[in-house]
Number of protein chains: 2
Amino acid sequence: VPIAEQEIVWTVVVAGGSGTRFGLAKQYERIGGQRMIDRSAGVAAEAGAGVVVVVPAADVERERDAMSTATVVAGGSTRSESVRAGLAAVPVDATIVCVHDAARPFASLALFEAVAAAVRAGADGAIPGLPVTDTIKVVDVERAVVATPDRASLVAVQTPQAFRADVLRRAHASGGEGTDDAALVEALGGRVVVVDGEADNRKITHPEDLAWADAKARATAGSVGAA
Amino acid sequence: VPIAEQEIVWTVVVAGGSGTRFGLAKQYERIGGQRMIDRSAGVAAEAGAGVVVVVPAADVERERDAMSTATVVAGGSTRSESVRAGLAAVPVDATIVCVHDAARPFASLALFEAVAAAVRAGADGAIPGLPVTDTIKVVDVERAVVATPDRASLVAVQTPQAFRADVLRRAHASGGEGTDDAALVEALGGRVVVVDGEADNRKITHPEDLAWADAKARATAGSVGAA
């Protein structure tokens with residue numbers, strides 16, 4: 001058996017959003033008839049040995065009933081705390097841990113496999129990235145432009161992000177906060193590589209994103225039905 | 001008369017796109033019944049003393065007939081060359097020159113005024129910027145992550161970009177190519193500041209952007225009609 005076959009991949013799906021006066025927390029919204037959180041966790045489940053879903057404490061009981069195939073745990077007050085709560089529920093024999101945002105329901109199975117494969121191949125972490133289309137400027141506190149980085153050297157990153165399990169656990173052991181999990185691993189000196197992201201793997205944030213996601217999920221369901 | 005009143009503002013509208021086998025160059029597509037180029041040039045005309053529109057050489061004659069209120073000139077083979085062609089047609093008494101992409105038809109008059117005001121106030125250049133919502137990574141040629149810049153220090157920039165006219169002419173005199181005009185002014189050591197950009201001031205690039213723009217232009221026209 002090649003070493004690659006011995007990897008045990010788990011995914012932590014972070015669904016930390018709380019409801020607002022405008023309505024339901026976005027991870028529970030239905031797109032194409034399925035809740036976003038179920039769709040995101042479903043792809044993660046296909047991609048590995050198991051899934052831990054992190055939700056606000058108030059939602060844990062309900063979600064334990066709703067999600068039969070995932071371990072459901074309560075999140076913390078920041079995204080990094082929620083990831084740590086999820087990580088604590090990942091079995092110790094997991095060798096690769098992916099972290100994924102529930103708000104990205106269109107990450108493909110192939111994308112999970114691509115980030116895990118890059119970690120198998122030796123990286124400490126692997127993250128999906130897309131070329132940056134906007135011109136980005138670095139500004140100072142007075143919003144004067146300090147630099148215009150070469151756009152070719154920039155990527156806009158997505159989840160799922162995959163990590164060698166012990167490296168991710170060490171990166172989170174200090175209790176730090178990062179823009180993303182990769183930043184914590186980078187801070188340890190870990191080698192993080194970028195694989196091709198997916199245009200459809202958008203983070204669903206605004207009402208117009210939700211409308212797009214619903215239309216897309218329906219279109220996809222339609223083409224599956226027609227096959 | 002305060003000095004501010006003596007400023008003479010001109011805008012170069014860059015519409016360099018050529019048609020493809022998929023259809024019309026995007027600047028000539030209609031949104032809400034009006035061509036994108038006419039809409040972009042129309043706002044620019046309200047904002048100052050005059051407008052130079054830069055189009056592909058093959059379109060110049062047709063556009064001179066179509067656009068009665070703007071000076072129409074032929075562009076070059078790069079965006080910067082096209083800006084230079086436009087700049088050469090701006091009267092020498094202009095004191096502030098804005099550069100605007102025809103593919104951003106929803107820049108408001110207030111945005112033109114805001115960038116011009118920042119130049120009046122002493123900056124060499126002023127550009128609209130929005131907070132960056134994605135996590136951005138700097139990568140090396142092998143796509144290993146080199147840095148995760150603090151997102152708070154990054155902005156995604158738009159047009160119109162306004163410049164002190166003589167500074168912009170100097171910045172372009174060397175014939176350089178920049179990601180944007182501000183980058184050429186920065187390279188000279190000019191002080192470029194960022195003002196608040198506008199969410200609707202998107203660059204229309206993909207067919208789905210065009211559908212969004214058409215719907216938005218129709219909605220806006222409807223609300224004007226109802227007023």
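First the proteins, then the strands, lettered A, B, ... as listed; each starts at 1.
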Leading residue by heavy atom contact count with chain B [cutoff under 4.5 Å; candidates [options]]:
options                                : result
A:Ala126, A:Ala144, A:Pro149, A:Ala152 : A:Ala144
A:Asp196, A:Val141, A:Asp150           : A:Asp196
A:Val195, A:Val157, A:Thr205, A:Asp140 : A:Val157

Are [X] and [Y] ion-paired here, with the side-chain N under 4.0 Å from a carboxylate O?
X        : Y        : value
A:Glu208 : B:Arg202 : yes
A:Asp180 : B:Lys137 : yes
A:Arg164 : A:Glu7   : yes
A:Arg30  : A:Asp38  : no
B:Glu177 : B:Arg84  : yes

**OP:** Would you check if the side chain of A:Asp214 reaches a backbone N or O of A:Gly32 as a donor-acceptor pair within less than 3.5 Å?
**Re:**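 Yes; at least one donor-acceptor contact below 3.5 Å.
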Subject >> Exam field: side chain A:Ser153 to backbone B:Val139, donor-acceptor pair closer than 3.5 Å >> reply: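 Between the backbone of B:Val139 and the side chain of A:Ser153 there is no qualifying donor-acceptor contact (under 3.5 Å).
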Original post:
Between B:Ile136, B:Asp134, B:Thr135, B:Val192, which has the largest tally of heavy atom pairs under 4.5 Å with chain A?
Top reply: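 Most pairs with chain A among the choices: B:Thr135.
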**OP:** Flag the one option from B:Val155, B:Thr179, B:Thr133 with the top tally of heavy-atom pairs under 4.5 Å to chain A.
**Re:**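 Most heavy-atom pairs within the cutoff with chain A belong to B:Val155.
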Relative to chain B, which segment of [X] carries a heavy atom at a distance below 4.5 Å: side chain, backbone, both, or neither?
X        : value
A:Gln158 : neither
A:Asp124 : neither
A:Val146 : neither
A:Val132 : side chain
A:Leu130 : neither
A:Ala182 : both

Subject >> Side chain proximity check, A:Ile127 to B:Val145, heavy atoms < 4.5 angstrom >> reply: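 Yes, their side chains come closer than 4.5 Å.
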